[in-house]
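So the structure is just underneath, and the comments pick up after that.
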Amino acid sequence: GRLEESVYPLFYGWFLTHKSQSRTKETGKKLLETLGELDEFKEHWGDFGGAASEKGINLEEYFDGKGGILHCTTKFSDYGKATGAQEYAELEAVKEFYSSAFHLQISGLFITPRTAGARVRLSDKQLEVWPADSEKEASLSEELPRGSRAHITLGCAKDVEPVQTGLDLLEFIKMEKEGDQDWAVKDTDQGKLCYFGKGMWMLELSEEVTVETIFGGFYP
Ligand code: 2AM
């Protein structure tokens, strides 16, 4: 028989280095602070349900769910049980790039009543380890460009699972595509802030943030 059996991780992704994690958390925190003080945001507190008191919402407390190392998931393989997990592990690019360093570009930050996340713009090389069906799996109705779902979860509201962050991002992208309206609310020192309704806020960073990562698997 075989001496070795394949061991599949819970998920594959790009894991941020210690330094890049602090920097990304800082950038996210700054957005929450900006939003917290913005009159336009205050007008839409209701989007966040009962979380708003007279003084407002403490967004940092609101999104304190699901800590852990910051990362951009490529494939959720569920220890080999997820659809396509074995095929993914066999991809040449996955084997070749495993344990390699990558620079990821963060192009925006967003919050919804469910999640807070960073939008990631993948390079062609990075797309080689992006599963072909990632967007299709998530959005039944529409074809979105590969890599649209790429993100880093920064926080989740109570009782929300992190898988929601990528679904929220796809909803933003659908609305952007359909957008015949100008959603821009404000130019901040970080970039253009847009409100899409239903508690959905997106900051388009005027300068993309580059983060250092290692591509690999998460096994615990
Ligand atoms: P995330 O990538 O949005 O943070 C472990 O649960 C990790 O795998 C989390 O980072 C989570 O979301 C991601 N994840 C969980 N279930 C998933 C799924 N069905 N599809 C894609 N990613 C998933």
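Index from 1, following the sequence. Remember, predicted model here, so these are calculated numbers, not experimental data. Read the numbers this way: they start at 1 and go in the same order the structure lists the ligands and their atoms.
Close placement of the Phe11 and His71 rings is indicated, their centers lying within 6.0 Å of each other.
What sits closest to atom 4 (O) of ligand 1 on the protein, heavy atoms only, is Thr153 OG1, 2.7 Å. In this structure, the protein non-hydrogen atom closest to atom 18 (C) of ligand 1 is Val163 CG2, 3.3 Å. With respect to atom 2 (O) of ligand 1, the closest heavy atom belonging to the protein is Thr73 OG1, 2.6 Å. Here the heavy atom of the protein found nearest to atom 20 (N) of ligand 1 is Arg149 NH2, 3.4 Å. Nearest to atom 6 (O) of ligand 1 among the protein's heavy atoms is Phe76 CE1, 4.0 Å.
By the criterion of a heavy-atom distance under 4.0 Å, the side chain of His151, and not its backbone, is placed next to ligand 1.
Considering both main-chain and side-chain atoms, Gly166 never comes within under 3.5 Å of ligand 1 through any nitrogen or oxygen pair.
Residue contacts with ligand 1 include His71, since one of its heavy atoms falls under 4.0 Å from the ligand. The closest approach between Gln164 and ligand 1 stays at or above 4.0 Å for every heavy atom of the residue.
Taking the six-membered ring where the residue is Trp, Tyr12 and Phe215 present parallel rings, their angle staying beneath 30° rather than reaching 60°. In this pair, Tyr62 and Phe48 present their aromatic rings perpendicular. The plane angle is above 60°, beyond the 30 to 60° band.
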Checklist entry - Could you go step by step and tell me if Lys136 and Glu143 meet the side-chain contact (heavy atoms from CB on, under 4.5 Å) rule? => result CA-CA 7 Å; Lys136 281 190 211 104; Glu143 288 266 324; 3.6 Å; yes
Item to check | Full working for side-chain contact (heavy atoms from CB on, under 4.5 Å) between Phe97 and Glu128 | outcome: CA-CA 10 Å; Phe97 297 151; Glu128 289 181 39; 3.8 Å; yes
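Using a distance-only test at 3.5 Å, with no hydrogens or angles considered, a donor-acceptor pair links the side chain of Tyr98 to the main chain of Gly217.
Inter-residue side-chain proximity for Trp130 and Glu135 is flagged as met; some heavy-atom pair is nearer than 4.5 Å.
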